[in-house]
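Data block below; observations after.
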Amino acid sequence: MEYRPSEIEPTWRKWWIDNNTYKIENQGGKPKYYILDMFPYPSGAGLHVGHPLGYIASDILARYKRLRGFNVLHPMGFDSFGLPAEQYAIQTGQHPAITTEQNLTRYREQLGNIGFSFDWSREVRTSDPDFYKWTQWIFIQLFNHYYDHDADKALPISELEKRFSVSGNAGVRAVCDDDTPAISAAQWNVWSEQEQQLFLLKYRITFPGEEYVNWCSALGSVLSNDEVKDGVSERGGHPVERKLMKQWVMRITAYADRLLEGLNTIDWPESIKEQQRNWIGKSVGASMKFTIDAPLPVGEGSGFIEVFTTRVDTIYGATFMVIAPELDLVKTLTTDAQRSDVDGYIKWTSGRSEIERMADTRKATGVFTGSYAINPANGERVPIWIADYVLAGYGTGAVMAVPSGDQRDWNFATAFNLPIVPIMDSQKDLDTAADPSKEGRYINSERINGMIYAEAVPTLIQWLEEKGLGRGKTQYKLRNAVFSRQRYWGEPVPAIWEDGVPTLLDEKELPLVLPSVDKYLPTETGEPPLARAKGWKYELSTMPGWAGSSWYFYRYMDPHNEHEFCSKEARDYWQKVDFYIGGSEHAVGHLLYSRFWNHFLYDMGLVPHREFAQKLVNQGMIQGRSNFVYRAKERFFEEYLWLKVLQPYFNEEGAINISGPDFEEEITYDFAFATNNLVIEVTSIKQMDKIERIRRSALSDGKRLMVLYNEELTEQINEPDAIAEKIRRALASREDYIVSSESPTSEQLFVSHSLLYKYSPEAVTKLHVDVNIVEDDVLVLEKARAAQQFANSNFKLDAEGKYTCSWEVEKMSKSKFNVVNPDDIVAEHGADCFRMFEMFLGPITDAKPWNTKGISGVSGFLRKFWSMFFEGENFRVTDETPTRDELRVLHTCIKKVTDDIERMSMNTCVSHLMIATNDLRGLKCAKRAVLEPLVILIAPFGPHIAEELWHRLGHNMSVCDAAWPIHNEEFLKTDSKEYPIQINGKLRGTIELPTDISAADAEAAALGLELVQKWLNGKMPQKIRFIPGKIISISV
RNA sequence: GCCCGGGUGGUGAAAUGGUAGACACGAGGGACUUAAAAUCCCUUGACCUUUAUCGGUCGUGCAGGUUCGAGUCCCGUCCCGGGCACCA
């Protein structure tokens, strides 16, 4: 019986739905397992073959875990708020909810075709009010808490109010704004409600703050750094400016240390953890005061400059200071003698863009202020310079420069002839570069001379603290996260403003539903779109894309709960995500913010674990494989005429004279014949002006002009003879102006890539072509002729009559015409084949271009697998007792597939199933005892074929609830093994030995071999190693 | 510049210190067929030797090291991809 996936697959998909096969309960005697995919944003382009890679892998794992007796939660939903839908709404006026709904429907359909075991009754959508009600609720909780250092967790803001009213903020160690003043209880208590509320904002975990943001007035929105490319918006290319705006901000910095430490407790890819570590950017160092030793005007400045350093141990090498030119302090430090230099430099740097400043990092620029500071360690006077390699925005905007240890400081010192003092006995070649080594012992460093790094740092910090000159300090790169978007399509922020104080809605008033607006643009006065909503009295900005995704994994546990974001029973049952899979592009966005929210929810006692996802795997991106076609330019026709017509047909006459290698010459003619005054001009029929101009010029030159239209050449492109004949007739004629009277219908010519090596690159335009009308890089002409892109086109084919395309690997996207829809693959080969082929491509963590070469291998395998069960039209599985060989094949396969699923090596699983199938077909095995376990083994990969065969084997229940077979070592044993024999590390032969042979016997047997004696060449072996089950190794 | 990954046949890849290239694609040859498709069988890292077998040399970016034995571990180096970037 033939294997027909198009018949069996839809049947079983319906059966699964009808039987609620994938519906999961929050209970049961089984252990739980929670497998989560990063949910997709439903874009208008639909699902492409890259999306399901991770879903297939997780589905295989989910089905496997279920077969192993786990209660598996494997849900799917949609991150359905976002900018693309809003952009589309702006263009078309259509409500984003409508387009989002359409996209969602398409995604559901496409996902439905692949046979996933998702429990769709648990689907969530972040744009659904029933969902974002709880996003808003969590926002309110964040507002109502502050971070207490002593408790090292978030505490209710009411606690803080109590403490303020009793003892002010003196004893409070909490995360707050930098500019928070000290207040007494008396002050707090006399404050008005409004004053108290404003003060509390300095402590709340989410608060309205002033932040520099990337403001794009054209989009009416603030953009994240990665939405800005080269100073303009990635989407639309609009200008972007740095602007100080009132924004809701999340005090994620409060959690910096815990987010960093938590990384050590989770099984995530090292690269993701490393990116998060870099993003958090903890640097442990010291801050120090350099007293200013200058004739400062009385009362100006604090009298010292504070610096932060991660290398306090290098302080004795600090021979000068550098401060950022933007700092106000520069004015006071500048002496009269230096004033004009300094002013000039400041003027020059302010005119330089960020990009320029980054571009020439090699050349040190800067100016001496004329003032000095005292190095607190050795009391030496060091000059204070300004230079733009020091950034005002980082730390204090001042550095102690240690030219022997820091390359930028070294460059600067070398350029301006400042002293370079070695501080470590291990530093080398200080005349050519800095040496930042921490190895060795200190020199020229008084107090720490002779110490090593680990001794020097605490010694110095202790000394600085005793003297009041500095202290140990930890600094983070992490900034608080801006949480407002001046956009429409996002969660409304549940806040009302009154007298500059935000009040949040009561829980009972949630959800605050997104109102209707007439347009999705900012107002004329630059307010966000929500300002257009009638009667809207709430906050005008909405939440960012990462709001809903920061907690959605809990909603799946209890998706329809109207009273809580997720019930306690559900949280207690599912605990956390056991296995999370998604793209590494979310490394520091989603994955850091969701960890932050989870820590907060943990502090509130709402979730059972500090980290929500124990294990994370990144699936590699499936890239697109774009195809390109080449459209002829005028230049191409000129070169074609020369190469294919004039040279072959007229050279022998010696009668032509070409205007030279520059085909683009405008004044003279493209080709001129020495005889009969004939000149030829090649141009488009559309260029009537040009033709007229040339005609007049030919007339005055006394030349006879022949005009060949690109378009007529296009039609005759495969008949150079005909064109030659035309020219021959023109040569022979006496007419002054020869031009085709017929008007050609072809407008464009596309030239096969295989022919292009003869032509110059400027002769053609390279264009993307839809990969769906290309097969094996050859354009399918029937399909191409029907395509819009090739209307009124002709093709120049190669000698084999083919139009070949070139290709490149690019991101898969609609604009590159390289999107492959999984539906098409499923329709052609079946869902099981599609699933297994995606896995067979290679390790899921690797990025790879989509290429269906090789899909026939998987397709053929499934047919072979199927055919084991049939003899003609009959199901032929028997109850005979299997042979040892058959059992060995089966149990080897069980072992390998089981091991490989556990380590997510899905590609090799497919290989092992292929091997077992090939072997069993060789043995002509059709025995139930072998084939039935094999059906269970294939079930996670090809659920449809497995379900079909499972039922044909006589079962009524789904194969999903079968028991995963366990391999029996007994059947893997063989009586003998072929041992490789290595002599001096080289493989020289093999020997068949009994499995249970003793070392002595094995050695003797090996030495008895003729081939071994040959290599020994009469010598005695120095050593023989027998590694049971592996190898025999002989050294001579 | 710094931090992560990764370099293996014509291609996708496999090999968790023990026979490098499993499995598959592609290619070549053959069987079946009126023919084609489908299917099945054989060969397929490079080179040398041989009628063929047998056999040998080289081979996992490059160059070293550890080891009886290295694609795998260590040191150096080059190249490719990703991330961060005058971050003190």
Side-chain angles (χ1 to χ4, degrees), chain A residues 2 226 269-279 281 283 285 287 307-312 314 318 322 324 354 357-362 364 387-391 393-402 405-409 411-412 475-477 584-585 587-588 618 620-621 776 809 837 840-843 845-849 851-861 863-864 867 896 899-900 903 905 907-918 921 978-990 1011 1014 1021-1025 1027 1029-1036:
Chain A
E2 217 181 303
D226 49 72
E270 212 38 57
S271 64
I272 297 278
K273 292 201 210 178
E274 202 52 36
Q275 279 183 59
Q276 294 208 352
R277 286 189 191 110
N278 289 340
W279 192 262
S283 26
S287 94
V307 299
F308 175 79
T309 178
T310 52
R311 288 295 302 271
V312 66
T314 64
V322 187
E354 288 274 311
R357 280 172 79 159
M358 268 191 271
D360 46 38
T361 58
R362 316 241 161 247
D388 68 358
Y389 80 87
V390 175
L391 302 179
Y394 192 80
T396 59
V399 298
M400 64 173 209
V402 183
D406 182 285
Q407 190 57 45
R408 281 164 304 139
D409 296 342
N411 291 346
F412 197 82
Q475 193 159 296
Y476 296 93
K477 208 157 81 179
S584 58
E585 65 271 24
V588 284
N618 286 129
M621 203 186 1
D776 288 335
V809 171
F837 177 63
F840 194 62
L841 282 173
T845 50
D846 290 5
K848 54 224 144 211
N851 190 347
T852 47
K853 247 193 208 171
I855 198 166
S856 62
V858 176
S859 178
F861 154 70
R863 271 197 303 275
K864 285 189 213 169
S867 73
K896 298 240 181 200
D899 289 353
D900 286 357
R903 59 186 185 103
S905 176
N907 54 330
T908 52
C909 285
V910 178
S911 297
H912 296 312
L913 290 167
M914 288 174 169
I915 292 167
T917 303
N918 289 343
R921 277 162 56 88
E978 190 187 39
Y979 276 91
I981 298 176
Q982 253 180 16
I983 298 170
N984 286 342
K986 290 210 189 291
L987 186 75
R988 295 302 179 187
T990 57
L1011 74 96
K1014 187 180 104 190
Q1022 286 187 353
K1023 184 152 192 178
I1024 308 181
R1025 284 178 194 75
I1027 321 287
K1030 301 263 177 167
I1031 203 164
I1032 297 168
S1033 176
I1034 301 171
S1035 318
V1036 181

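So that the names make sense, note that chain A is the first sequence line, chain B the second, and so on, each numbered from 1.
- Contact of the I1031(A) side chain with the R1025(A) side chain is not registered, since no non-hydrogen atoms from C-beta on lie closer than 4.5 Å.
- The strand RNA chain B forms stems, runs of 3 or more Watson-Crick or G-U wobble pairs with distances below 3.5 Å, at B:1-7 with B:78-84, B:10-12 with B:23-25, B:26-31 with B:39-44, B:45-48 with B:55-58.
- Residue-level contact check: P843(A) touches the backbone only, with heavy atoms under 4.0 Å from sugar-phosphate atoms and none from bases.
- Relative to the side chain of E274(A), the nucleotides U19(B), C3(B), U57(B) differ in distance, and C3(B) lies closest.
- Remark: the separation of the C1' atoms in A38(B) and U33(B) is 11 Å, to the nearest Å.
- Of the possible polar contacts, none joining the Y979(A) side chain to the T990(A) backbone as a donor-acceptor pair under 3.5 Å is found.
- Of the listed nucleotides (C23(B), A13(B), A88(B)), A88(B) has the atom at the smallest distance from the side chain of T309(A).
- Other residues, nucleotides and ligands contribute over 12 non-hydrogen atoms within 6.0 Å of the NZ atom of K273(A).
- The nucleotide whose nearest atom lies closest to any side-chain atom of K848(A) is, among G18(B), A13(B), U57(B), A13(B).
- Using a distance-only test at 3.5 Å, with no hydrogens or angles considered, a donor-acceptor pair links the side chain of K848(A) to the main chain of P843(A).
- Among U39(B), C23(B), G26(B), the nucleotide with an atom closest to any side-chain atom of R863(A) is U39(B).
- To the nearest whole angstrom, the two C1' atoms, one in G71(B) and one in A15(B), are 8 Å apart.
- The side chain of R408(A) lies closest to C86(B) when the candidates are C86(B), C3(B), C25(B).
- Residue-level contact check: R903(A) touches the bases, meaning some heavy atom is under 4.0 Å from a base atom.
- Atoms CZ and CE, on R311(A) and M400(A) in that order, are 9.0 Å from each other to the nearest 0.5 Å.
- C3(B) and A22(B): their C1' atoms are spaced 35 Å apart (whole Å).
- For K986(A) and A20(B), the NZ to P distance is 10 Å, given to the nearest whole Å.
- Heavy atoms of Q1022(A) sit nowhere under 4.0 angstrom from any nucleic acid atom.
- Anti is the glycosidic conformation of G59(B), whose angle departs from 0 by more than 90°.
- In this structure a side-chain-to-backbone donor-acceptor pair under 3.5 Å is missing from K864(A) to N918(A).
- Heavy atoms of Q982(A) sit under 4.0 angstrom from at least one base atom.
- The distance from atom CD of Q276(A) to atom C1' of G83(B) is 13 Å, rounded to the nearest whole Å.
- Residue contacts for K864(A): at a heavy-atom cut-off of 4.0 Å it reaches the sugar-phosphate backbone alone, with no base atom in range.
- Here the C1' atom of nucleotide C23(B) and the CD1 atom of I855(A) are 16 Å apart, to the nearest Å.
- U19(B) atom C1' lies 14 Å from atom CD1 of I1027(A), rounded to whole Å.
- Using a 4.0 Å heavy-atom distance criterion, N918(A) is classed as a sugar-phosphate-only contact.
- Remark: P of A14(B) and CG of L841(A) are 11 Å apart, rounded to the nearest angstrom.
- The side chain of V399(A) lies closest to A88(B) when the candidates are C23(B), A88(B), C40(B).
- Scored by the salt bridge (Lys or Arg N to Asp or Glu O under 4.0 Å) test, R988(A) finds no partners at all (sequence neighbours excluded).
- The residue N907(A) sits close only to the backbone: its heavy atoms come under 4.0 Å of sugar-phosphate atoms, none of a base.
- For the pair D846(A) (side chain) and G620(A) (backbone), a donor-acceptor distance under 3.5 Å is absent.
- Contact annotation: the side chain of I1024(A) approaches that of I1034(A) to within less than 4.5 Å [non-hydrogen atoms, C-beta and beyond].
- A distance of about 14 Å separates the C1' atoms of G7(B) and U72(B), rounded to the whole Å.
- Across all strands, S584(A) comes closer than 4.0 Å to no nucleic acid atom at all (heavy-atom distances).
- Taking only distance into account, the side chain of Q275(A) never meets the base of G82(B) through a donor-acceptor pair shorter than 3.5 Å.
- Side-chain contact check for M621(A) versus S584(A): every heavy-atom pair is 4.5 Å or farther apart.
- If you take atom P in G1(B) and the same atom in U77(B), they sit 12 Å apart, rounded to whole Å.
- Here the P atom of nucleotide A13(B) and the CE atom of M914(A) are 15 Å apart, to the nearest Å.
- Base engagement by S1033(A) is indicated by at least one non-hydrogen atom pair under 4.0 Å involving a base atom.
- Distances were taken from every side-chain heavy atom of R988(A) (C-beta onward) to each of U19(B), U57(B), C23(B); the shortest belongs to U57(B).
- Here the separation of C62(B) from U50(B), taken at their C1' atoms, is 35 Å to the nearest Å.
- Here the separation of G6(B) from G17(B), taken at their P atoms, is 15 Å to the nearest Å.
- In this structure, the CG atom of D846(A) is 11 Å from the P atom of G12(B), given to the nearest Å.
- Rounded to an integer number of Å, the gap from CD1 of I1032(A) to P of G18(B) is 16 Å.
- For G65(B) and C75(B), the C1' atoms lie 7 Å apart once the distance is rounded to whole Å.
- Here I915(A) lies in heavy-atom contact (under 4.0 Å) with sugar-phosphate atoms only.
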